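Basis for what follows: all heavy atoms, side chains included, without hydrogens, waters or symmetry-related copies. What you see is a predicted model; the values in this text were computed from it and never measured.
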Amino acid sequence: AEPYVEYSTLRSLILPLFVPGFLGHIIRSLSVAVLPMHILDQGFHYDDVGIFTTVAGIGLVVGNVPAGHLTTAFGPRFVLIISCGIFAVSAILSSCAALVPQRDVAYALFMLAFFTNGLAETSGVLARHTFLGAAVSPSVRGRVASTMGGAARMAYMVGTAVAGVTADAFSPHLVYALQVAITLLTALVVGLTVPAISATQEVKSASLSPKTPVARQTMVGVVQEHWRLLLLAATFCGCAFFVRKAREMLFPMEGFERSLSQDDVGWLASLSFVIDGALFPVSGYLLDRLGRTKTAALSFFLTGVSIIPLQNLECQHSCMAAFAVISGVANGLSAGLTLTVGADLAPADCRSNFLAVFRTLARSADPLAALVMGRLSEAVSLQAAEWADCAICFAGISCALCCMPETRKPAARDIDTRRSGGKYAAVGPESTPMGKAVDVDTPGCSPVDDIAKKFGTHLDEEAMELGRPRRGSEFSGGVSAEADQTVVALFVEADESGTGGTSEAAFDGGGRAADIPR
């Protein structure tokens, strides 16, 4: 049987989650600035780069299906190791493609290299996404997801700089060799530090008791039951993936258009990722306090603004630097957005399959972005492709503010509790209509026991052991997949006699628990 593991602090996740994620993104980032320019140097065109990147996006999309099945069957650790092996194969294929004199053979090898790169990336991300939902307490999930996003951005900062300097001073083939070496290191770290948990494990803070539900739904069943939610969430996150992919492509394409060296492009991309990576604490704060949708809208707006400096074709380094800075801020503010939204929405008993379908739909934006940017750049102009990117930013803002429901659960500090009859208590399930009383006063039960029974939510071991409440006690609940309700907070304080008790409270729909007169 798989071990039960739960993480509730960022420090405990350094080795099993953050380090493997950082190394995985280092592998990916080594080819971001170098591979497209290497392809152009081989005599290929913008259109070819767009097609190759589209093929990588197809790998990202279709790879979610086998990755989801493998994660459900064998767990996240197995899939993480498999993704390392696929990354190594992709790097070897890239090196071989550049050495082959026959153009048709080189073209086919580059296609296969990009496709396997997409497979490797999506497998690793899906496995880490599943691990986040299965083993990380909901009370820290937003901060963990933003830290994962920050680690990815720091990896891109390091990887793009190292790749640019290495390719310019030595050879792009040395970059590919470095990729293979890091994949071996990553596989070793995963094997030694990541526990072999089940993909369907449910953490104690999100259920009545620690358990591992049986996976009850196939991917077809997930689509049939959750298709509306999947479509809306995938459209919202798909806009984010589109603009991220477009930004990634604009560095080498604009660099080539302005006759910059690989070294220059590498440093400019690194500058952007430095800013990007430095902002992940801000992103975590905004995601947990401002909300997922408003943070996304701000990120989309700044991404659109970052395109403006690129319309000045007379300047080279300064306009590219402005784009790097503004796009870095924009992307940094969305660190962990898609991870958090997916983890918020995925039911425990079909987590891997839900995330696989969600990522398949959302990551369809990657090949679409590559196709649009490549085709428009070749058929019209690079500036036309950039304005298409701005249009997607506007669509993302509209979706965030008008269509996508907020998935952030109110934290304990967001709940306002007031004394009612000398006793404190506030409990707010999201599904409680405004003005409807929530009576948590049951004879013979402590408030903690009663709430767990009422809403199917386990608070924590400390709360259960207390029995009767004591002065100053404070507990936070989690999501109940079965009841589709959330105990967002429980404040209990002893009354003047010291015996403790509860009162009635209502959830007003705005994150506040209101007093209900007895």
Side-chain angles (χ1 to χ4, degrees), residues 60-76 79 122-123 125-136 138 141 145 197-203 205-209 211-241 292-293 337-365 399-400 403-409 429-433 454-458 477-488:
L60 276 170
V61 172
V62 302
N64 283 295
V65 177
H69 285 304
L70 288 173
T71 305
T72 300
F74 302 105
V79 176
T122 199
S123 298
V125 173
L126 179 64
R128 287 190 291 272
H129 205 163
T130 301
F131 188 88
L132 173 69
V136 177
R141 193 175 286 159
I197 65 169
S198 169
T200 59
Q201 174 182 286
E202 191 173 4
V203 294
S205 53
S207 64
L208 187 60
S209 60
K211 60 182 179 179
T212 301
V214 176
R216 65 178 176 84
Q217 286 185 317
T218 63
M219 286 191 185
V220 174
V222 168
V223 172
Q224 290 175 338
E225 183 171 345
H226 304 288
W227 69 270
R228 290 184 181 85
L229 179 61
L230 283 165
L231 187 60
L232 181 58
T235 301
F236 171 64
C237 293
C239 291
F241 284 125
R292 315 330 187 194
T293 55
L337 172 68
T338 55
L339 284 173
T340 306
V341 169
D344 286 344
L345 298 176
D349 58 357
C350 57
R351 181 176 289 114
S352 292
N353 286 335
F354 183 94
L355 291 176
V357 176
F358 164 71
R359 286 182 52 79
T360 297
L361 295 173
R363 294 311 294 253
S364 298
C399 184
C403 304
M404 183 69 188
E406 178 57 59
T407 64
R408 178 182 71 97
K409 309 302 180 187
E430 275 201 344
S431 56
T432 302
K454 226 178 219 313
F455 301 110
T457 301
H458 175 86
V479 178
S480 167
E482 295 83 2
D484 194 27
Q485 293 174 322
T486 303
V487 176
V488 292

Do L232 and P405 have side-chain heavy atoms sitting under 4.5 Å apart?
yes
Taking it one step at a time, do L361 and N64 satisfy side-chain contact (heavy atoms from CB on, under 4.5 Å)?
CA-CA 10 Å; L361 295 173; N64 283 295; over 6 Å; no
With side-chain contact (heavy atoms from CB on, under 4.5 Å) as the test, would you mind laying out the steps for V357 and N353 before giving the verdict?
CA-CA 6 Å; V357 176; N353 286 335; 5.5 Å; no
Does any non-hydrogen side-chain atom of V341 lie less than 4.5 Å from one of M404?
yes
Closest heavy-atom pair and its distance - L132, L339
CD2-O, 4.1 Å
CA sep, side-chain torsions, deciding dist, call: C237, L337, side-chain contact (heavy atoms from CB on, under 4.5 Å):
CA-CA 8 Å; C237 293; L337 172 68; 5.6 Å; no
Minimum heavy-atom separation for V79 and A67, please, with both atom names.
CG2-O, 4.2 Å
Within the 3.5 Å criterion, strictly below it, is a donor on T122 or R359 matched to an acceptor on the partner's side chain?
yes
F131 and I197: side-chain contact (heavy atoms from CB on, under 4.5 Å), yes or no, with the steps?
CA-CA 8 Å; F131 188 88; I197 65 169; 3.6 Å; yes
Taking every non-hydrogen atom, the tightest pair across H129 and T338
CE1-O, 3.8 Å
Identify the two heavy atoms, one from A356 and one from T360, that lie closest to each other, and give their separation to 0.1 Å.
O-OG1, 2.6 Å
Min side-chain heavy-atom separation F358-L231 under 4.5 Å
no
Grab the two heavy atoms, one from V61 and one from R363, that are nearest each other, plus how far apart they are.
CG2-O, 3.2 Å
